[in-house]
Enquirer: 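Below are the structure tokens for one structure; questions will follow.
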Amino acid sequence: MNSSRDPIEYAFVKHCIVVGLGVFITYINGIFVFAFFKHSVFYTDPRYILYIHLVINDLIMLFLTVSLYVLSYASPLLNVTICSVLLLFASMTSENSPLNLAGMAIERYIAICKPLHHPQLCSVNRTYILISLIWLLNFIPALTDIFILMVNEPISVFSTSITCYSKRLYGSDQHLTRSMFVESLYLSCVFLTLVFTYIKVLQAAKAATSDQISATKARNTILLHGVQLLLCLLAYVAPFVNNFLLALFPNYWGMILFCTYILSNILPRLLSPLIYGVRDQKMFKYIKRCVTCNLYFLKIQPN
């Protein structure tokens, strides 16, 4: 979204909101990351490794989306090479979140329904292999967009400057087909994975006689993964919402685009980790300890 058309006062307020939210969310998520790396108890648990990968991935995506938003005003025209690299990582981090949620759901399914196989199937090494596979699965489609651009345009296009926006750089029919196919495939697989694991854990929770509490918690956790998936879907729904609202209120295009941008790109980066992190008693205990230590450290510092 290019905000250069806005009055200077309006643009200043919008960028203060975007950057302010970005800094605030980075601080909140940074506490989760700090708590994870400060306590080695999390290093051997695949559940927390996948969770902190989700948080770090969202931090990277938040940095990229805020940077692109600010650049759309500070430097409306950006070199195509730099733009394509930024969009490459923005696309990867955006697509990583749903696949990471699927991995977290499968880990909970194995922990509850196949507990004897959990140490072998969900080892730390296999967890890092899964994370690498997630990045690879999203790197290839994102790189494909650049190859399609190279086929459709002369190589000299990479030395030109454009407005750095995905639909502006990757607006051909081939890009649209690639995007619809990959996104539909991945999101369908993630949705079916969440439904399958939820049903299986629900059955295990009903049949459990000794560990009813753990099974119920796992069921609720997977249900929350479904909520997190809906938050991820906001980025895909936003263009359709924009078109609908702009047709009804064409005079408020700036406000409409800004609001949908905040709701679909910024706020989910805060809500998604909080939904899981604060609810987890073990993680929350160490977060409170880290916050308490930081407050104590600031308190004893000389004025």
Side-chain angles (χ1 to χ4, degrees), residues 19-67 89 92-94 96-108 110-112 115 118-135 138 213-214 217-218 220-222 224-225 227-228 231-232 266-303:
V19 174
L21 285 174
V23 172
F24 174 73
I25 295 172
T26 299
Y27 173 75
I28 296 297
N29 288 355
I31 294 176
F32 289 99
V33 176
F34 179 78
F36 175 87
F37 286 106
K38 188 166 180 65
H39 300 95
S40 59
V41 67
F42 297 118
Y43 295 178
T44 57
D45 194 326
R47 177 161 60 113
Y48 293 106
I49 295 174
L50 288 172
Y51 165 71
I52 209 63
H53 172 253
L54 177 66
V55 176
I56 294 175
N57 179 81
D58 281 353
L59 282 173
I60 297 173
M61 183 183 178
L62 179 67
F63 172 78
L64 291 171
T65 188
V66 171
S67 298
F89 285 99
M92 289 172 60
T93 51
S94 177
N96 280 349
S97 295
L99 295 184
N100 197 93
L101 292 174
M104 295 170 73
I106 292 174
E107 188 276 332
R108 286 294 83 199
I110 296 175
I112 299 302
H118 184 266
Q120 293 78 27
L121 296 177
C122 298
S123 64
V124 172
N125 289 335
R126 291 194 175 190
T127 302
Y128 286 119
I129 291 174
L130 174 62
I131 292 174
S132 301
L133 182 61
I134 289 174
W135 281 91
N138 290 311
I213 296 177
S214 296
K217 285 184 177 180
N220 293 336
T221 297
I222 294 176
L224 287 176
H225 290 338
V227 176
Q228 290 176 277
L231 292 175
C232 296
I266 302 296
L267 291 183
R269 310 282 80 78
L270 171 65
L271 297 177
S272 185
L274 283 179
I275 285 175
Y276 188 84
V278 175
R279 178 178 172 273
D280 188 277
Q281 295 180 359
K282 183 177 179 180
M283 173 65 76
F284 190 61
K285 179 182 69 173
Y286 285 101
I287 289 174
K288 288 195 298 183
R289 184 179 300 177
C290 289
V291 172
T292 302
C293 291
N294 289 336
L295 291 176
Y296 178 76
F297 176 78
L298 292 174
K299 184 178 179 180
I300 63 175
Q301 292 301 303
N303 295 326

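For clarity, every value in this text was computed on a predicted model and none was experimentally measured. Residues: numbered from 1 along the sequence shown.
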Enquirer: More than 12 heavy atoms of other residues, nucleotides or ligands under 6.0 Å from CZ of Phe24: is that the case?
Expert: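 Count not over threshold, so no.
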Enquirer: Give me the atom names and distance for the closest heavy-atom approach of Arg269 to Asn29.
Expert: O-ND2, 3.0 Å
Enquirer: Side chain to side chain contact (heavy atoms under 4.5 Å, CB included), that's the test. Do Thr93 and Trp135 meet it? Break it down for me.
Expert: CA-CA 8 Å; Thr93 51; Trp135 281 91; 3.9 Å; yes
Enquirer: Which distance, rounded to the nearest 0.5 Å, do you find between the CG of Leu99 and the CD1 of Ile134?
Expert: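 Reported to 0.5 Å precision, the distance equals 5.5 Å.
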Enquirer: Could you check Ile31, Val66, Leu59 and say which one makes a side chain to side chain contact (heavy atoms under 4.5 Å, CB included) with Thr26?
Expert: Leu59
Enquirer: Under the criterion side chain to side chain contact (heavy atoms under 4.5 Å, CB included), I'd like the reasoning laid out for Ile49 against Ile131: C-alpha separation, chi angles, the key distance, then a yes or no.
Expert: CA-CA 9 Å; Ile49 295 174; Ile131 292 174; 3.9 Å; yes
Enquirer: Between Ser123 and Pro119, is there a donor-acceptor pair closer than 3.5 Å when you use the side chain of the first and the backbone of the second?
Expert: no
Enquirer: Please name the pair of heavy atoms, one in Phe36 and one in Tyr48, separated by the smallest distance, quoted to 0.1 Å.
Expert: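 Looks like CE1-O, 3.6 Å.
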Enquirer: Shortest non-hydrogen contact from Pro115 to Ile112?
Expert: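 That closest heavy-atom pairing would be CD-O, 3.6 Å.
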Enquirer: Measure the spacing between CG of Asn96 and CG of Leu101 and express it to the nearest 0.5 Å.
Expert: 10.5 Å
Enquirer: Is the shortest heavy-atom distance from the side chain of Tyr43 to the side chain of Val124 under 4.5 Å?
Expert: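 They are not in contact (no side-chain heavy atoms under 4.5 Å apart), so the answer is no.
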Enquirer: Roughly how far, to the nearest 0.5 Å, is the CD atom of Glu107 from the CZ atom of Arg126?
Expert: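 It comes to 13.5 Å.
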Enquirer: What are the two closest non-hydrogen atoms of Cys122 and Ile110, and how far apart are they?
Expert: SG-CD1, 3.8 Å
Enquirer: Can you tell me how far the CD1 atom of Ile28 sits from the CG atom of Leu270, to the nearest 0.5 Å?
Expert: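 Answer for the CD1-CG pair, Ile28 versus Leu270, is 7.0 Å.
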Enquirer: Which heavy atom in Met92 sits nearest to a heavy atom in Asn138, and how many Å separate them?
Expert: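 Reported closest heavy-atom pair: CG-O, 3.6 Å.
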Enquirer: Between Ser97 and Asp58, which heavy-atom pair has the shortest distance, and what is it?
Expert: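 So the two residues come closest at OG-OD1, 3.2 Å.
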Enquirer: Nearest 0.5 Å please: distance from the CD1 atom of Ile106 over to the CG atom of Leu130.
Expert: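 Separation between the atoms: 7.5 Å.
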Enquirer: Taking atom CZ of Phe42 and atom CZ of Phe32, what is their separation to the nearest 0.5 Å?
Expert: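 It comes to 10.5 Å.
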